[in-house]
Amino acid sequence: MKIEFAPLSVPLRRRLQTASVVQWVFTFLALAQCCTAAFIALFFTRFWLLCVLYAVWWLKDREKPSKGGRRIHAVRNSVVWRYMRDYFPVTLVKTAELDPRQNYLMGFHPHGVLAVGAFLNLCTEASGFSMLFPGITPHLMMLSMWFRVPFFRDYLMSGGLISSDKESASYVLKNPEGGNVLAIIIGGAQEALDARPGSFTLLLKNRKGFIRLAIEHGTPLVPVFSFGENDLFEQVRNPQGSWLRRVQHRLQKIMGISLPLFHARGIFQYSFGLVPYRRPIYTVVGKPIPVQRNRKPSEEEVDRVHEKYLNELSKLFEEHKAKYNIPEDRHLEFI
């Protein structure tokens with residue numbers, strides 16, 4: 001006999017959506033520190049042997065984040081991510097086919113404060129990436145420092161995250177059978193300092209390392225723009241040249257991560273807190289840009305492909321901005 005469950009009420013569904021987002025914000029703001037503290041604390045308990053065994057295994061497994069990671073499909077398909085998707089909601093938009101016999105390098109824009117669109121679309125199956133792009137396996141790059149944190153590294157890899165170094169990128173793009181997507185949030189942590197509602201500023205004008213990587217492997221480039229990514233949080237005003245921006249840049253050089261002073265709504269009230277606003281995100285995947293392979297590309301070749309990429313990204317933005325309520329007079333700004 002088939003058992004049917006009653007659908008969840010709207011209030012309960014909204015509470016579950018909020019809870020899923022809260023746990024994700026906690027993950028990015030505090031889980032790494034908690035994992036480190038737990039690992040150290042366990043050494044002073046009767047479970048110290050487990051820490052020793054984990055440390056030995058960790059040492060043996062240390063190259064895994066640079067060798068494609070170790071995704072766990074049960075984690076990627078968790079119902080938690082579907083609730084989180086519906087909170088905003090998040091929609092993945094396909095504009096062209098991706099050949100599963102080919103590898104691709106995907107440039108993701110913008111970073112936003114916490115890269116919500118990149119995480120949900122590429123590190124989970126909440127938006128149906130595998131159904132939209134069958135035979136394609138996404139790998140999202142993340143700062144290598146996070147893969148040195150015990151337990152946290154395994155959580156990151158379970159979703160398909162890999163370390164952001166050239167060895168890691170080459171491993172993904174060299175797959176002879178194809179079907180791999182290397183996704184890079186080009187603006188990185190520094191771009192997060194310009195993430196605020198209505199901002200379309202991309203840190204891309206002088207970022208050409210991903211272009212050179214694509215040419216060296218002959219990998220097509222795929223521009224991706226996530227409409228609404230910058231609308232999830234407010235940020236304390238920090239214009240270029242201000243004392244706050246100078247402090248943030250200095251801390252980024254020391255710590256390797258940016259520290260945007262962001263805020264949005266709370267868990268039980270809507271005036272202030274660290275929970276993102278309920279605002280839709282539409283992540284639009286553009287068509288592939290063919291790239292001719294050259295193991296030693298010249299600066300002129302890199303500049304030429306980079307200019308073409310900027311043009312295609314701008315074209316993608318202009319073609320879709322009206323659908324997502326972007327004013328006609330707003331355009332991408334590259335810095």
Linked, directly or transitively: [X] and [Y] (ILVMFWY side chains, under 4.5 Å):
{"X": "Met141", "Y": "Val149", "answer": "no"}
{"X": "Leu120", "Y": "Val93", "answer": "no"}
{"X": "Met106", "Y": "Phe108", "answer": "yes"}
{"X": "Val90", "Y": "Leu122", "answer": "yes"}
{"X": "Leu132", "Y": "Val181", "answer": "yes"}

Classify the ring geometry of [X] against [Y]: parallel below 30°, tilted from 30° to 60°, perpendicular beyond 60°.
{"X": "Trp24", "Y": "Phe119", "value": "tilted"}
{"X": "His109", "Y": "Tyr309", "value": "tilted"}
{"X": "Phe152", "Y": "Tyr155", "value": "parallel"}
{"X": "Tyr324", "Y": "Phe227", "value": "tilted"}

Roughly how far, to the nearest 0.5 Å, is the [atom2] atom of [Y] from the [atom1] atom of [X]?
{"X": "Glu63", "Y": "Tyr171", "atom1": "CD", "atom2": "OH", "value": "11.5 Å"}
{"X": "Leu161", "Y": "Arg153", "atom1": "CG", "atom2": "CZ", "value": "13.0 Å"}
{"X": "Tyr104", "Y": "Ile289", "atom1": "OH", "atom2": "CD1", "value": "12.5 Å"}
{"X": "Lys321", "Y": "Ser314", "atom1": "NZ", "atom2": "OG", "value": "10.0 Å"}
{"X": "Asp154", "Y": "Ile72", "atom1": "CG", "atom2": "CD1", "value": "8.0 Å"}
{"X": "Leu203", "Y": "Phe334", "atom1": "CG", "atom2": "CZ", "value": "11.5 Å"}

Note to self: Determine whether a donor-acceptor pair (N or O, by modelled atom type, separation under 3.5 Å) exists between the side chain of Asn180 and the backbone of Ile136.
What the structure shows: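 No; judged by distance alone, with no hydrogens or angles, the pair does not exist.
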Check: Distance-only, no hydrogens or angles: does the Ser242 side chain make a donor-acceptor pair with backbone N or O of Pro239 under 3.5 Å?
Finding: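 Checking the backbone N and O of Pro239 against the side chain of Ser242, a donor-acceptor pair under 3.5 Å is found.
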NZ/NE/NH1/NH2 to OD/OE distance under 4.0 Å, [X] and [Y]:
{"X": "Lys67", "Y": "Asp61", "answer": "no"}
{"X": "Lys166", "Y": "Glu216", "answer": "yes"}
{"X": "Glu299", "Y": "Arg212", "answer": "yes"}
{"X": "Arg82", "Y": "Glu125", "answer": "no"}

Does a side-chain heavy-atom distance below 4.5 Å link [X] with [Y]?
{"X": "Ile257", "Y": "Met145", "answer": "yes"}
{"X": "Asp194", "Y": "Ile335", "answer": "yes"}
{"X": "Arg13", "Y": "Tyr83", "answer": "yes"}
{"X": "Met84", "Y": "Val80", "answer": "no"}
{"X": "Pro280", "Y": "Pro89", "answer": "yes"}
{"X": "Gln102", "Y": "Pro288", "answer": "no"}
{"X": "Leu204", "Y": "Leu313", "answer": "yes"}
{"X": "Asn121", "Y": "Val285", "answer": "no"}

Check: Of all heavy-atom pairs between Ile186 and Arg207, which one has the smallest distance, and what is that distance?
Finding: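 Distance-wise, the nearest heavy atoms are O-NH1, 2.9 Å.
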Note to self: Using every non-hydrogen atom in the two residues, find where Phe200 and Phe225 come nearest and quote the distance to one decimal.
What the structure shows: CD2-CZ, 4.2 Å
Note to self: Applying side-chain contact (heavy atoms from CB on, under 4.5 Å) to Val79 and Leu16, what does each step give before you reach the verdict?
What the structure shows: CA-CA 10 Å; Val79 67; Leu16 290 172; over 6 Å; no
Sole residue of [options] in side-chain contact (heavy atoms from CB on, under 4.5 Å) with [X]:
{"X": "Pro260", "options": "Arg196, Gln235, Glu191", "value": "Gln235"}
{"X": "Ile215", "options": "Thr219, Ile211, Leu213", "value": "Ile211"}
{"X": "Arg101", "options": "Asp99, Leu98, Asn103", "value": "Asp99"}

Next item on the list: Could you please spell out the steps behind the side-chain hydrogen bond (donor to acceptor under 3.5 Å, both in side chains) verdict for Ser66 and Ser168?
Entry: CA-CA 4 Å; Ser66 297; Ser168 181; 4.9 Å; no
Check: Phe133 and Phe129: aromatic ring centres closer than 6.0 Å?
Finding: yes
